[in-house]
Amino acid sequence: MPPKGRIEVNEDLCKGCELCVMNCPQEVIALNMERMTKRGYHPAELAKPGCTGCGICATMCPEAAITVYREVIQKPA
Amino acid sequence: MTVPELDSEQVAVYQRPDALSDTNTHYCPGCTHGVAHRLIAEVVDEMGLRERMIGVASVGCSVFAYNYFDFDFVQSPHGRAPAMATGIKRVLPDRIVLTYQGDGDLASIGMAEVVHAAARGENITCIFINNTNYGMTGGQMAPTTLPGQKTTSSPNGRDVEVNGYPIRTAELLSKLDGASYVVRRSLHDPKNIRLAKKAIRTAFEVQKRGLGFSMVELLSICPTNWGMTPRQAIQWLEEKMIPFYALGDYKVNPSVADIKI
C-alpha cells in the first residue's frame with residue numbers, strides 16, 4: 001500500500017494558480033471555489049483522500065505555500 | 001469535503017525553506033519567478049550559506065527580490081548586476097555572490113556587463129530568468145522574444161526582418177574562456193524543476209571552489225503578459241520555447257565534473 005500523506009496550504013500565500021492541481025499524480029488537489037482568501041484567490045486544498053505525500057505539489061508551487069506530511073511506515077522489528 | 005487527519009506518526013517531508021522570508025510576493029499567480037526563488041532558497045539552506053550569501057537583484061519583475069530572500073541582498077541599476085556583483089566579490093571574496101536577472105535586464109541593457117563578467121571569469125553566479133518578454137513594464141518585445149511571437153510592442157508577431165533574431169544567451173556565453181558552468185534548464189514540470197535545482201547547486205559549488213563564472217538560464221512562464229492561464233502558459237513553454245531554446249549543458253569546465261552532489 002502506498003504511504004498516506006497530507007498537505008497543508010498556507011492560504012496567505014496561495015494564489016490559486018493551479019500548478020499543483022495540474023501536476024498532482026493522484027489528482028486529489030482542487031481549488032475551493034466556495035471560499036476566497038483575503039487576497040481574493042480561491043485557495044488550493046486537498047479535496048479527496050488518497051494523498052501519498054509525494055511532494056510534487058510543493059515542487060511546483062511558486063509561492064512555497066505547501067507543507068507536505070507523510071506517515072512514517074513502521075518496519076516490523 | 002474534509003480530509004480525515006492521519007492517525008499514524010507523520011513527518012514533514014517538505015516545508016517552506018528558511019532562506020525565504022514570510023512576505024507575500026508581488027508576482028502574478030503561476031509566475032515561475034516564485035519557483036526560481038524557492039529553488040535558490042532551498043539550495044542556500046542545504047549548503048548552509050545563508051550567513052555568507054549576497055544577492056544582487058536586477059530591474060524588472062525581480063526588482064523586489066530583496067524582500068523575499070532572508071539573506072543579504074542589494075539592488076543594482078538596470079542591467080548592472082554582474083558589475084555590482086564583481087565589485088562585491090572582489091572586496092569580499094569569501095562571500096557567495098549571486099545575481100538574479102530577467103531577460104530584459106541581462107540579455108538587453110545588461111548584455112555588455114554579463115559578457116564581460118564572463119570573459120573576465122569573475123567568480124560569481126548569474127541566475128537568468130528567460131520568459132521571452134519584458135514582464136514588469138507590460139510584456140514588450142525583448143531580445144529573447146521568439147520569431148512570430150506577439151507582444152505588446154510587436155502586435156503582428158516578431159518580424160525577424162525588422163527586429164532581428166532572438167539571442168540565445170547560454171550558447172553565447174559558453175564560447176567565452178572565463179565561463180566555467182553555463183547551462184539552460186526549464187521550470188515547467190517537476191522533473192525539470194529538480195534538474196534546475198541541481199544546476200543551481202552545481203553553480204554555487206563552482207563559485208565556492210573558485211572555478212570562475214557560472215550561469216544558469218531558467219526558461220520561465222509569464223502567464224499575464226502572454227495572455228494565458230498558467231496551465232496554457234506551461235504548455236506553450238513546452239511546445240514553443242524548448243524547441244528554440246534547447247535545454248542542456250553548454251559549458252562545463254572539466255574540473256566541475258569532480259563536484260558530486
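Throughout, a chain's letter reflects where its sequence line sits, starting with A, and its residues are numbered from 1.
For B/T229, no part lies near chain A; criterion is any non-hydrogen pair under 4.5 Å. Contacts between A/I7 and chain B at a heavy-atom distance below 4.5 Å are absent for every atom of the residue. In this structure, chain A has a heavy atom under 4.5 Å from the side chain of B/I234, while its backbone stays farther away. When heavy atoms are compared at a cutoff of 4.5 Å, A/L13 approaches chain B by way of both its backbone and its side chain. Contacts between B/H188 and chain A at a heavy-atom distance below 4.5 Å involve the backbone alone (N, CA, C, O).
Side chain of B/R16 to main chain of A/A64: a donor-acceptor pair is present (N/O by atom type, distance under 3.5 Å, no hydrogens or angles). The main-chain N or O of B/D189 is never found under 3.5 Å from a side-chain atom of A/N23 such that the two would form a donor-acceptor pair. The closest donor-acceptor contact from the side chain of A/K4 to the backbone of B/Q10 lies at 3.5 Å or more, if one exists at all.
Taken to the nearest 0.5 Å, the CZ atom of A/R70 stands 14.0 Å off from the OH atom of B/Y14. The distance from atom CD of B/Q235 to atom CE of A/M22, rounded to the nearest 0.5 Å, is 7.5 Å. Rounded to the nearest 0.5 angstrom, A/C17 SG and B/Y27 OH are separated by 14.5 Å.
Within the 4.5 Å cutoff, the side chain of A/E18 has heavy atoms near those of the B/R231 side chain. With contacts defined as side-chain heavy-atom distances shorter than 4.5 Å, the pair A/P62/B/T32 does not qualify.
At a cut-off of 3.5 Å, with distance as the only test, a side-chain donor of A/T59 or B/R194 sits close to an acceptor on the other residue.
Counting heavy-atom neighbours within 6.0 Å of A/E27 CD, excluding the residue itself, gives a total of 12 or less.
Taking non-hydrogen atoms and a 4.5 Å limit, the residue list of residues 51-61 of chain B in contact with chain A is empty.
Per-residue counts of heavy-atom pairs under 4.5 Å with chain A were compared for B/P29, B/C31, B/A36, B/P223; the largest is that of B/P29. Most heavy-atom pairs under 4.5 Å with chain A: of the set B/T25, B/V11, B/I193, this distinction falls to B/V11.
Here the closest non-hydrogen pair linking B/P190 and A/I56 is CG-CG2, 3.5 Å.
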